[in-house]
Amino acid sequence: MTPLVAVTADHRVVGIHKAHLCVVPYIDAVVDVAGAVPLIVPALGPRLDIPSLLEQVDGVLFTGSPSNVHPAEYGADPAPEYEPYDPDRDATTLPLIRACLAAGVPLLAICRGFQELNVALGGTLHTEIQSLPGRMDHRSLPHDDNDVRYSIRQPVFVERKGCLGRILNADEVQVNSLHRQGVAVLADRLVVEATAPDGTIEAVSVAQAPGFALGVQWHPEYWAKIDGPSRAILEAFGEAVRAHAAHRRGIALAAE
């Protein structure tokens, strides 16, 4: 059977309606590159039965979003200029990350998901990283064409012996890193896998995680079908998901 991947959703207002939604590139990347069936998981917070969810899926993709992790989640004060926030998503993804790691369920955390991974494990964030001395402006280009906004235009330096280095087989790759928040204090369990030219942490893995656990600040989902490094990340996640599915089903068969 094709494995099942949970994909996190935002809680947003669309027109006059509240909605749980995920944009199309994440779904396409799961189907067309990772080779799994996506299941969009609503941002229900404590109403979501996380143990039951993780018993039925083979991996979790933590998506990017226009919203920022609420500063209260990492001990900072909120301010209007740091918005938008999505507290329902925070209340869903942060415990879901911790549960994934405890259960050994493969996870791939992208952009906001990368920031959530750091916060969930006790790290902190810079809320507007472009305002720090010596830092690049990592925000997306102001443009109506998403191909321009998500253009691959920034190098990252990869730790060759790390998890990401083994996936990419490269010391440096070009990426589409678009963000306002960035890692301030790295969580103790996280290992740096890649950095930007200004020293900003751009990729991490979870030390001694029982399953695949990688976070990237950029957006491999957007060009996963045609960009080699982007595709390699989604394929590696897909391989981990299939391995977890095979292991889980093997246990179920043995129990029968």
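Separation of atoms CD (Glu159) and CD (Glu193) is listed at 7.5 Å; rounding is to 0.5 Å. Taking CG of Leu164 as the start and CD of Glu202 as the end, the distance is 11.0 Å to the nearest 0.5 Å. Considering CG of Asp32 and CG of Leu234, their distance stands at 10.0 Å, rounded to 0.5 Å. To the nearest 0.5 angstrom, Ser230 atom OG is 11.5 Å from Gln174 atom CD. Considering CG of Leu4 and CD of Gln56, their distance stands at 8.5 Å, rounded to 0.5 Å. Interatomic distance, SG of Cys163 versus CD1 of Ile233, reported as 9.5 Å (0.5 Å rounding).
Across every non-hydrogen atom of Leu168 and Pro229, the tightest pair is CD2-O, 3.5 Å. The shortest non-hydrogen separation linking Leu53 to Leu48 is CD2-CD2, 4.3 Å. Taking every heavy atom of both residues into account, Asp58 and Pro106 meet most closely at O-CD, 3.3 Å. Taking all atoms of both residues into account, the shortest heavy-atom contact from Leu101 to Ala213 is CD2-CB, 3.8 Å. Closest approach of Thr8 to Thr63, counting heavy atoms only: OG1-N, 3.0 Å.
In the hydrophobic cluster analysis, where Ile, Leu, Val, Met, Phe, Trp and Tyr join through side-chain heavy atoms closer than 4.5 angstrom, Val192 is grouped apart from Val156. Cluster annotation: Leu108 is connected to Val175 through the hydrophobic network of ILVMFWY side chains, with a link wherever side-chain heavy atoms come within less than 4.5 Å. Residues Ile40 and Val30 share a single hydrophobic cluster, defined by chaining ILVMFWY side chains whose heavy atoms lie under 4.5 Å apart. Connection of Ile97 to Val204 is established within a shared hydrophobic cluster, with ILVMFWY side chains joined at heavy-atom distances below 4.5 Å, either directly or through further cluster members. Leu214 and Ile201 are assigned to two separate hydrophobic clusters, defined by single-linkage of ILVMFWY side chains at heavy-atom distances under 4.5 Å.
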> Checking side chain to side chain donor-acceptor pair (under 3.5 Å) for the pair Ser177/Gln217: CA distance, chi angles, key distance, verdict?
Replying inline: CA-CA 6 Å; Ser177 187; Gln217 181 65 83; 5.4 Å; no
>> Val60 vs Leu54, test: side-chain contact (heavy atoms from CB on, under 4.5 Å). Steps then yes/no.
In response: CA-CA 9 Å; Val60 182; Leu54 295 184; 4.0 Å; yes
> Checking side-chain contact (heavy atoms from CB on, under 4.5 Å) for the pair Val183/Thr200: CA distance, chi angles, key distance, verdict?
Replying inline: CA-CA 7 Å; Val183 171; Thr200 298; over 6 Å; no
> Between Leu96 and Phe62, does a side-chain contact (heavy atoms from CB on, under 4.5 Å) hold up when you go through it step by step?
Replying inline: CA-CA 10 Å; Leu96 181 56; Phe62 293 86; 3.7 Å; yes
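Between Phe212 and Phe237, the angle of the ring planes lies from 30° to 60°, which puts this pair in the tilted group. Ring planes of His70 and Tyr85: tilted class, angle from 30 to 60°.
Using a 4.5 Å cut-off on side-chain heavy atoms (C-beta onward), His219 and Ile110 make contact. Here the side chains of Leu178 and Arg153 are in contact, with some heavy-atom distance below 4.5 Å. When side chains are defined from C-beta on, Leu121 counts as touching Leu117, because their heavy atoms get closer than 4.5 Å. Side chains of Asn68 and Arg112 form no contact here, defined as non-hydrogen atoms less than 4.5 Å apart. Within the 4.5 Å cutoff, side-chain heavy atoms of Asn146 are placed close to those of Tyr222. Contact of the Leu94 side chain with the Glu116 side chain is registered, since non-hydrogen atoms from C-beta on lie closer than 4.5 Å. Side-chain contact between Tyr150 and Asp145 is absent, with no heavy-atom pair separated by less than 4.5 Å.
Residue Val241 is tested with Val5, Thr2, Leu107, Leu61 for a side-chain contact (heavy atoms from CB on, under 4.5 Å); the sole match is Val5.
The environment of CG in Asp49 is crowded: more than 12 heavy-atom neighbours from other residues, nucleotides or ligands sit within 6.0 Å. Annotation: Glu81, atom CD; neighbour count of heavy atoms from other residues, nucleotides and ligands within 6.0 Å is above 12.
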